[in-house]
Amino acid sequence: MTLLSTLNPPQRQAVTTTTGPVLVLAGPGSGKTRVLTHRAAYLIQELGVEPWRLMAVTFTNKAAGVMSERTAALLDSPQGLRGMILGTFHSICARFLRMQAVAIGLNPRYVIFDSDDQLQVVKQALRDLNLDEKRYNPRAIHAAISNAKNELLTPETFPITTHHEEIAARVYARYQHLLALSSALDFDDLLMRAVFMLRDHEPIRRQYQQRLQYIMVDEFQDTNSAQYELVRLLAEGQRNVFVVGDEDQSIYGWRGADFRNVERFRQDFPDAKVILLEQNYRSTQIILDAANALISRNFHRTPKKLFTDRGAGVKIVLHQAFDEQDEGNFILDEIVRLQQEGAAQPGDCAIMYRTNAQSRAVEEAFIRRGVPYRLVGATRFYNRREIKDALAYMRLAHNPHDDVSLRRVINVPPRSIGAASVDRLSSWAATLDASLYTGLRLLGGDAEPELAARAGVHPFSGRARTALMHFYTLLQGWIAAGSVLTPAQLLDRILDESGYRDWLQDGSEEAQERWDNVLELRTVSAGYDDLPRDQALAAFLEEVALVSDVDDYEASSNAPTLLTLHAAKGLEFGVVFITGLEEGLLPHSRSLEDPDGMEEERRLAYVGVTRAANRLYLLHTFRRSAWGRSEPSAPSRFLRDLPASVTSGHRPGSAHRRMTTWGREPQAPASRHSPSNRLQFSPGQRVRHPTFGEGTVITSTLMGGDEEVSVAFRSQGVKRFLASLANLKPV
DNA sequence: TGTTTCGACGTTTTT
DNA sequence: CGTCGAAACA
């Protein structure tokens, strides 16, 4: 049994306990991916389970790919995974729904609305209900709808206790109606509809329950109610359900995830075997100590005892940079130094941050030095305007009732169909309770007679009608082409006939870049050319809608990775830099008042820290610019929780009080804030140093008769001097 | 109808 | 700082 020989006892137990419910509580770096892959391989190879009777849910498509690859590598037969259901909750549900669409009264050509599309629909719903966008924030309402769906609440069961909830419920109802008119589902619908399908259609539920002999769920702490219910319904049949999670790594509470699902699981499956994976194979003892110091301050958790036999390792570097540019420079200096010393390769390094906006300054540092880097997420490819336009066209070819896409491109490039015409079309369609496309069909005389009778005379002028009909004719052509051409061919034809290509290419440099992006999309679409023509477009659109940021992360090149702490979950790097450990950033200002939110911020920091195998850098700045203005920042409270024994570098704890003082009055004259008039320098003062140039005093204290001054320099970071020796001059 | 300009507003994190 | 929508113009 070579399959099991590389596993430690609890891992082995997790792999071989195949009957009945199993809950694995896996600390960071404890080899849970190994457990999952070995378990799948064990089931298939040793127990002879047919792969199509297995389902494994991962958190990202990327993780699904990794699992598929590594499991296959463990198997003797090369095509051993065939038919296994493997993917994210969203992609698995999308597939279920596509398969059962007809049985549950869903248009099988449904499109998936992303967050931007969803926001458009909320706004449309508000307009339809004559509600003021200014008064009712569409984003807030969208969040309420999304949360409701994650809790499996429909517009009818949505609880109303406040005025805003009353509004939200009404918008929710209209929103769902608009989605239905467009034959569209949003992300949350994928989960909710899948649950309702299983709950309400016994034959379908039976079918899946009988088929799915073994179910595995990764990152279980980040499941929401809908996802939990889905697992419960599917697992009810054979009860061979295996879930892996770590409540300390639950970082998606804001999207409905609830780590108490771990407790719920224990209640719903009281016979569940619980297996603890506590040995860490990733990090040094020092890093684990820091992680433990950090997380043990959380109240809502069960204490664990992580251990490693990797040895102490090097100390964690705490560093205060002057500002975010300096922070970037420091990172670059360290990466170069580590490489020169042979301590690490650039590809081993990761730079992590709380918000995507922070990537900018770091990127600039890389660009300045001409060092390549890999960026995960941020300015996502699929968020670019030209990509959304092109996809909107393709979505229309697949499902022309998609009103959001139709509105997006009906006048791009300009076709003399202005806002007035679209509004007229929209209200006409609304009176008929139909999609915009149905309106166009009526206008073209192609609609069913009874609908045409109901519609009566159309409200358009000759010129407007001509323009609309021109677009309609084009669209008809693309719909027909959609089932004969490959996705790439269809895209070519659309770009040509719509005039989009010519319109985009106005000769400017930016235009060239945009066009290159469109060509990139074409390359992606060409990957679906080999599928049957009637499936290719649907498959392409579905995958494009459900890709996540980390999915396009390429591990091959030897360049450092820039990513958010959220995106870092599940990954591992030799060297980790966590930037912006500052109050208001990590922990984020939105969580400062909320104890649960604060615990989640702490878990986020914990996730970041535990990604590091060998070296960890915790960075914060003296001042940081946000929204164009630069403001002093205070070191994160999390830094103060680290024991002095695990860190090297300047500990910010004692400087904190003074920093906040100076945060209040950055330009304060020197004398007013001096604790004693014997001090020459005081926080906020500008000074000049013979070698480092101009800088700003952060702290100044009396040290045995001499004055110790720490000064922040724009390019060199923070330095400490003795006033008697340093030759500092006030500027 | 299409283009430009100005002011308001906002950002956590993502499928 | 950047996006979005409304208002103002061509």
Side-chain angles (χ1 to χ4, degrees), chain A residues 57-64 87-94 112-120 123 127 132-134 137-140 143 146 149-150 185-192 219 222-224 226-227 250-257 352-361 376-380 382-383 385 411-423 461 463-464 467 503 542-551 563-569 580 582 584-592 594 597-598 600-601 603-605 607-608 625-630:
Chain A
V57 188
T58 57
F59 201 69
T60 62
N61 295 302
K62 167 93 180 165
T88 63
F89 274 109
H90 288 88
S91 60
I92 288 174
C93 288
I112 299 168
F113 276 5
D114 68 18
S115 346
D116 273 8
D117 303 327
Q118 291 166 39
L119 201 59
Q120 295 306 315
K123 288 179 182 173
R127 280 194 291 270
D132 184 8
E133 270 189 38
K134 295 274 178 304
N137 183 330
R139 289 171 174 282
S146 177
K149 290 184 176 183
N150 287 330
L185 298 181
D186 67 16
F187 288 140
D188 307 309
D189 281 334
L190 294 174
L191 306 175
M192 187 170 74
E219 306 284 7
D222 279 321
T223 51
N224 61 35
Q227 293 165 333
S250 167
I251 55 176
Y252 283 91
W254 47 274
R255 78 176 201 208
M352 301 176 188
Y353 32 81
R354 178 64 231 266
T355 65
N356 280 304
Q358 288 171 256
S359 75
R360 192 128 170 195
V376 176
T379 36
R380 288 185 52 183
Y382 292 102
N383 274 341
R385 194 183 316 135
N411 203 30
V412 178
R415 296 187 181 91
S416 301
I417 303 174
S421 295
V422 176
D423 280 352
S461 69
R463 196 182 297 170
W503 177 74
E542 180 175 305
E543 290 206 31
V544 155
L546 297 176
V547 283
S548 67
D549 285 339
V550 270
D551 291 339
L563 73 181
T564 62
L565 287 160
H566 283 89
K569 192 174 74 160
E582 292 147 36
L585 205 50
L586 183 62
H588 195 271
S589 52
R590 303 277 280 236
S591 303
L592 293 178
D594 166 25
M598 185 56 71
E600 185 153 313
E601 295 294 313
R603 292 194 291 271
L604 202 46
V607 165
S625 15
W627 279 304
R629 66 159 100 269
S630 167

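Chain letters run A, B, ... following the sequence lines, proteins first and then strands; every chain starts at 1.
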Checklist entry - Parallel under 30°, tilted from 30 to 60°, perpendicular over 60°: which one fits the rings of A:W254 and A:H566? => result perpendicular

Checklist outcome for this item: Whichever of A:Q118 and A:L585 has the more 5' nearest nucleotide on DNA chain B, that residue is A:L585

Checklist entry - Who does B:dT13 pair with, Watson-Crick or G-U, both distances under 3.5 Å? => result none

Next on the checklist: Assuming nearest nucleotide by heavy-atom distance, tell me which of A:P414 and A:S91 is located more 5' along DNA chain B.
Outcome noted: A:P414

Item to check | Span that lies between the C1' atom of C:dC4 and that of B:dT13, in whole angstrom | outcome: 23 Å

Next on the checklist: For the backbone of A:D186 and the side chain of A:D189, can you confirm whether one donor and one acceptor N or O come within less than 3.5 Å of each other?
Outcome noted: yes

Checklist entry - Whole Å only: how far is the CG atom of A:D222 from the C1' atom of B:dT15? => result 12 Å

Item to check | Nearest listed nucleotide, side chain of A:W254, among B:dT15, B:dG2, B:dT14 | outcome: B:dT14

Checklist entry - For the pair made of NZ in A:K134 and P in B:dA8, what is the distance, rounded to whole Å? => result 11 Å

Checklist entry - Looking across every strand, which nucleic acid part, if any, lies under 4.0 Å from A:D114 by heavy atom: base, sugar-phosphate, or nothing? => result nothing

Checklist entry - Below 4.0 angstrom from OP1 or OP2 of B:dG2, is there any side-chain N or O of A:N411? => result yes

Checklist entry - Are A:F89 and the base of B:dT15 stacked, counting only ring centres nearer than 5.5 Å and planes tilted under 30°? => result no

Checklist entry - Within the structure shown, what part of the strands sits under 4.0 Å from A:S625 by heavy-atom distance: base, sugar-phosphate, or nothing? => result nothing

Checklist entry - Quick one: A:F187 CZ to B:dT15 C1', roughly how many Å, whole number? => result 5 Å

Checklist entry - Are A:I251 and A:V607 side-chain neighbours, meaning at least one heavy-atom pair lies under 4.5 Å? => result yes

Checklist entry - Sub-3.5 Å donor-acceptor pair from the side chain of A:H90 to the main-chain atoms of A:L190, do we have one? => result no

Item to check | Atom-pair distance (CD on A:E133; P on B:dA8), nearest Å | outcome: 17 Å

Next on the checklist: Once you apply a heavy-atom cut-off of 4.0 Å, does A:A419 come out as touching a base, just sugar-phosphate, or nothing?
Outcome noted: nothing

Item to check | d(CG, A:L191; C1', B:dT14) in whole Å | outcome: 13 Å

Checklist entry - Do any side-chain nitrogens or oxygens of A:N61 fall under 4.0 Å of OP1 or OP2 in B:dT15? => result no

Checklist entry - Expressed in angstrom and rounded to an integer, what is the separation of A:N356 atom CG from B:dG10 atom P? => result 19 Å

Next on the checklist: Between A:T564 and B:dT14, is there a contact of a side-chain N or O with OP1 or OP2 at under 4.0 Å?
Outcome noted: yes

Checklist entry - Is there a side-chain polar atom (N or O) of A:N137 under 4.0 Å from OP1 or OP2 of B:dC9? => result no

Checklist outcome for this item: Separation of B:dT15 atom P from A:Q227 atom CD, nearest Å, is 12 Å

Checklist entry - Is A:K569 touching bases, backbone alone, or none of the nucleic acid, heavy atoms closer than 4.0 Å? => result nothing

Checklist entry - Taking atom types as modelled and ignoring hydrogens, do the side chains of A:Q118 and A:S115 form a donor-acceptor contact shorter than 3.5 angstrom? => result no

Item to check | Length of the line joining A:K123:NZ and C:dA6:C1', which is rounded to integer Å | outcome: 13 Å

Checklist entry - Which distance, rounded to the nearest 0.5 Å, do you find between the OG1 of A:T223 and the CZ of A:F59? => result 9.5 Å

Next on the checklist: Any base atoms under 4.0 Å from A:R360, or only sugar-phosphate, or nothing? Heavy atoms, all strands.
Outcome noted: sugar-phosphate

